[in-house]
Structures are given as structure tokens and as C-alpha cells.
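Reviewing the structure listed below.
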Amino acid sequence: MDPEDYVERVLSVVERVPRGRVTTYGAIAEHVADPRRRGPRSVGRVMSQQGGGVPWWRVVRADGSLPPSHDDEARAAYLEEGTALRPSGRVDMPRAFWDPDDGTPGP
DNA sequence: ATCCTGACGCTAT
DNA sequence: AATAGCGCCAGGA
């Protein structure tokens with residue numbers, strides 16, 4: 001599989017995340033399930049370098065922590081689209097988490 | 001090949 | 001809640 005395809009798959013998953021919901025690096029990694037590039041860190045790298053064209057704020061860490069280096073913009077986006085937040089400022093994962101596999105049923 | 005780095009994840013303090 | 005340690009994998013020097 002070409003590296004380019006991997007990037008496109010990751011980005012396409014992010015684009016499917018519904019408004020007001022979020023998913024995680026780990027969930028994307030599992031959904032893509034590339035035999036060569038495994039792990040959430042690879043997804044994180046893709047987002048850092050080419051996540052500018054997709055709703056990157058809908059991708060958070062597993063515990064609901066906001067995406068680093070852009071947490072202010074992310075928070076503004078959450079308020080704007082009504083994403084469930086906790087008093088702590090993190091995303092309310094039980095309510096806002098969106099699993100890529102639930103939204104994209106396979107063959 | 002080796003070393004360092006990092007938009008991760010999990011467990012233990 | 002915040003920090004630290006370890007495992008993990010890919011990239012760049």
C-alpha cells in the first residue's frame with residue numbers, strides 16, 4: 001500500500017466524523033488497520049502534517065484531551081457545533097465519541 | 001543500521 | 001487532575 005493511500009484513508013475517516021461528535025487517534029488507527037503502518041502515533045503524524053484540510057478538531061486523544069497546539073480553536077469549534085464538553089474543558093467522550101466502524105459498515 | 005523525536009495509549013503514582 | 005514511565009511505530013538526520 002502506498003503511503004499516499006494511507007494518508008487518504010485517515011483523512012477520509014476524519015471527514016466522516018459527524019458535526020458535534022469526535023473520534024480518537026486510536027479508533028482511526030484500528031479502522032484503517034494498515035498492516036504496515038499501525039498505531040495511533042502514525043495517525044497523529046498524518047494529522048500534524050496534512051490535517052489542515054479536514055475537521056482536525058474532531059480528532060482527540062482517547063481520554064478526551066483536546067488536540068495539542070490548537071486547543072483554543074478546537075474549543076471554539078466545539079461551542080459552535082455543540083460538542084458535549086465536561087466542566088474540565090475536555091470532551092465528554094461517552095456522549096461525543098463516534099466510532100468509525102459504526103458509521104461505515106463494511107461489506 | 002542507530003539515535004532522536006512525537007497531534008498516542010495505558011497504568012501507576 | 002497532573003506527571004511519569006513504558007510500549008509502540010514511522011520519519012528524518
Side-chain angles (χ1 to χ4, degrees):
Chain A
M1 171 186 296
D2 294 314
E4 210 172 301
D5 290 339
Y6 177 75
V7 172
E8 266 190 55
R9 285 209 217 174
V10 170
L11 296 181
S12 74
V13 171
V14 177
E15 284 172 348
R16 285 194 196 93
V17 179
R19 201 184 152 76
R21 310 284 297 286
V22 299
T23 192
T24 68
Y25 298 96
I28 294 173
E30 286 183 14
H31 179 76
V32 173
D34 187 318
R36 286 187 351 190
R37 294 174 188 33
R38 291 174 208 179
R41 308 203 65 137
S42 296
V43 175
R45 207 185 79 77
V46 170
M47 292 306 290
S48 75
Q49 298 188 350
Q50 354 201 11
V54 297
W56 51 263
W57 58 90
R58 293 177 192 159
V59 184
V60 301
R61 295 204 280 200
D63 63 354
S65 301
L66 274 48
S69 301
H70 294 284
D71 50 330
D72 284 333
E73 293 176 58
R75 228 166 303 209
Y78 296 152
L79 291 177
E80 198 273 333
E81 61 185 54
T83 304
L85 295 174
R86 301 188 51 165
S88 58
R90 289 175 298 159
V91 175
D92 188 341
M93 291 307 276
R95 286 214 289 153
F97 177 67
W98 176 81
D99 190 342
D101 291 317
D102 292 344
T104 59

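No experiment lies behind these values; they were computed from the predicted model shown. In the text below, chain A, chain B and the rest are named by the order of the sequence lines, each starting its count at 1.
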Using heavy atoms to find the nearest nucleotide of DNA chain C for A:R86 and A:G39 separately, return the residue whose nucleotide is more 5′.
A:R86
Would you please confirm or rule out a distance under 4.0 Å between OP1 or OP2 of C:dA1 and any side-chain N or O of A:S88?
yes
Is the phosphate of B:dT5 approached by A:R45 (side-chain N or O, under 4.0 Å from OP1 or OP2)?
no
Tell me the interatomic distance from [X], atom [atom1], to [N], atom [atom2], rounded to whole angstroms.
X	N	atom1	atom2	result
A:Q49	C:dG11	CD	P	9 Å
A:R38	C:dC8	CZ	C1'	11 Å
A:W56	B:dA7	CH2	P	14 Å
A:E4	C:dG11	CD	P	13 Å
A:D63	B:dT11	CG	P	12 Å
A:Q50	C:dG11	CD	C1'	13 Å
A:D34	C:dC8	CG	P	18 Å
A:R37	B:dC8	CZ	C1'	17 Å

Looking only at side-chain atoms of [X], point me to the closest of [options].
X	options	answer
A:P40	C:dA1, B:dC8, B:dA7	B:dC8
A:R90	C:dA1, B:dC10, B:dC8	C:dA1
A:H70	B:dA7, B:dC8, C:dG11	B:dA7
A:R41	B:dG9, B:dG6, C:dG11	B:dG6

Between A:Y78 and A:G89, is there a donor-acceptor pair closer than 3.5 Å when you use the side chain of the first and the backbone of the second?
no
Enter the distance from [X]:[atom1] to [Y]:[atom2] here, rounded to the nearest 0.5 Å.
X	Y	atom1	atom2	result
A:R95	A:R86	CZ	CZ	10.5 Å
A:L85	A:D92	CG	CG	8.0 Å
A:T83	A:R58	OG1	CZ	7.5 Å

Tell me which one of A:V13, A:V10, A:V17, A:V14 satisfies side chain to side chain contact (heavy atoms under 4.5 Å, CB included) with A:V59.
A:V14
